[in-house]
There are 2 protein chains.
Amino acid sequence: MSSQPGEPASVDIDADYKPLRDRVRDELRRRIIDDVYPPGTRLVENELASQLGVSRVPVREAMRALESEGFVKTVPRRGAVVVELSAQDVEELFDVREALEVLACQQAATRATKADLRRVGTTLARARKALASGDRLALGRANEAFHDEILKLSHNDLLQNVLHPLQGRLHWLLRQTGDPYDLIEEHTALFEAISSGSADLAAEHARQHARLNREIVRRLLAERNQSASSA
Amino acid sequence: MSSQPGEPASVDIDADYKPLRDRVRDELRRRIIDDVYPPGTRLVENELASQLGVSRVPVREAMRALESEGFVKTVPRRGAVVVELSAQDVEELFDVREALEVLACQQAATRATKADLRRVGTTLARARKALASGDRLALGRANEAFHDEILKLSHNDLLQNVLHPLQGRLHWLLRQTGDPYDLIEEHTALFEAISSGSADLAAEHARQHARLNREIVRRLLAERNQSASSA
DNA sequence: TTGTGCAATCCTGTATACCGTATCCCTAGA
DNA sequence: TCTAGGGATACGGTATACAGGATTGCACAA
């Protein structure tokens, strides 16, 4: 059309336009993850709508999205409640996550570009810095970002669409359990495996990492349940 | 509480109640799969609403659901269009499907009950009968049912929630390409591997089956594209 | 003939109001 | 203490309105 060579493909006047429903969804998801709405909280459409200064329609649509992401459960005619992840839910989450993250890392190994890898390297450096300065929050965020970026390296849109919400729930879970562990060595090894270009090596590391991660979360949950049952 | 032993957990006056949005979603999905709305068709809220005799709200919610299932693509302020699966989409579909179906079969091998296996056996018999009588439609349905049931054998709710929509798209694709192949031997072998209780064996067969399936679809698509480009 | 600009139109996104009905909760009564 | 009744609450759905981006078609200019 009228676009000059070198310019982005389309005109995109409104590239950053986001429907209200999506902004509401993001805000509610954030509140759930940040424990503003702890598990068990009822999410009442009218309350949220007036609180956010929007009508019920976008709130309803946001709620359906959060339901399909697994953050809330809707019982027909009773409304939506923030889910409490059961032990079985956690196991299933790790089952599926392992299968998909192994695939993501395999594909990342064969498809990642130099620029991709540089970006991940930067994120890892940020994590190391956060660890050194003892900033647990920043470390957690950097670790989350690491997984998000690995996922992008797969250059597989469907995989990203499927796995991303699961990772969201995983991150939520890790924040609930305190996420008090050092994954940097693990992540570095995984990153190197991917950088090597060997799909098999990357897969092996991804599987190992997922399993270690699962074990840690299992232990944390077991501890939490013990202290809860003694109350 | 007040319920007597042996009675269902709750009174369940309305056990089969389904929100309108879900029924609309199912109906629209059916129409897409049955090619009533071929790829590229614009889905206009008002039209569908008046056609189905409902208001716009449930139609909108159904559309979002179909979007997250990957049947339609919506561009903000421009509306929803039935997607046309690109070659890359198909590859990604098979990538993720393979990873998840391998997991499903592994878990099915260790978790399936006798009753589960009997049920699948019945479905396989149905497929054989359909093949013998040359009923292609029934054969296709039976093959779809086979995969749905294997998935249930995994007794993994999350896995089912994630994989089921992908299988829906896959079945859609197979109907588009004509689904003209005989999978019964393959399915029988997979079924026996699962029945044996060996996760490794089941995984191997699942992987092999997924790859064969992918090859067949690739060939069919290549043929279709050739005949399309010569038009 | 081919393009270009503008106006009319369509449709989405959102708001508002309202209704029926299922569910929940509280209270009064046995 | 338990149960039944009744009101309050909130979901699911309908109807309507409207602003403004997107699309289309047409007239007009090059």
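Labels below follow one simple rule: chain letters A, B, ... track the order of the sequence lines, proteins then strands, and each chain is numbered from 1.
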Handout entry: C:dC11 OP1/OP2 closer than 4.0 Å to side-chain N/O of B:Arg77
Key = no
Exercise for the section: Using atom types as modelled and distance alone, determine if a side-chain donor or acceptor of A:Asp34 lies under 3.5 Å from a backbone N or O of A:Val36. Expected result: no
Practice task
Rounded off to whole Å, could you give me the CZ-to-P distance for the B:Arg23 and D:dG12 pair?
Solution key: 13 Å
Exercise for the section: Would you please say whether a donor-acceptor pair under 3.5 Å links the side chains of A:Gln167 and A:Glu144? Expected result: no
Completion exercise
Whichever of A:Pro76 and A:Val54 has the more 5' nearest nucleotide on DNA chain C, that residue is A:Val54
Practice task
Give B:Val44 one of three labels, base, sugar-phosphate or nothing, depending on what nucleic acid heavy atoms sit under 4.0 Å from its own.
Solution key: sugar-phosphate
Problem - Contact under 4.0 Å: B:Arg21 side-chain N or O vs D:dG13 OP1/OP2 - result: yes
Practice task
Look at atom NE2 of B:His155 and say whether more than 12 heavy atoms of other residues, nucleotides or ligands are closer to it than 6.0 Å.
Solution key: yes
Handout entry: Short side-chain N/O contact to C:dC24 OP1/OP2 from A:Arg78, under 4.0 Å
Key = yes
Handout entry: Residue A:Arg56, side-chain heavy atoms: nucleotide from D:dT14, D:dG12, C:dG13 that is nearest
Key = D:dG12
Practice task
Indicate yes or no: does A:Asp116 engage A:Arg111 in a salt bridge with an N to O separation below 4.0 Å.
Solution key: no
Problem - Spacing between A:Asn46 atom CG and D:dA8 atom P, to the nearest angstrom - result: 17 Å
Practice task
Give one of base, sugar-phosphate or nothing for A:Leu43, where a contact means two heavy atoms less than 4.0 Å apart.
Solution key: sugar-phosphate
Problem - Nearest-angstrom distance from the residue atom CD of A:Glu45 to C1' of C:dA17 - result: 15 Å
Problem - Euclidean distance, atom CG of residue A:Leu52 to atom P of C:dG13 [Å, nearest integer] - result: 19 Å
Practice task
Specify the separation, in whole Å, of atom CD of A:Glu61 and atom P of C:dG13.
Solution key: 8 Å
Practice task
Answer yes if the side chains of A:His147 and A:His187 hold a donor-acceptor pair under 3.5 Å, and no otherwise.
Solution key: yes
Practice task
May I ask you to say what B:Arg60 touches in the nucleic acid, namely base, sugar-phosphate or nothing, with a heavy-atom cut-off under 4.0 Å?
Solution key: base
Practice task
Nearest whole angstrom, please: distance from the P of D:dG12 to the CG of B:Asp22.
Solution key: 10 Å
Problem - Touch class at under 4.0 angstrom, heavy-atom based, for B:Arg64 against every strand present - result: sugar-phosphate
Handout entry: For atom CG of B:Leu20 and atom P of C:dT21, their distance in whole Å
Key = 15 Å
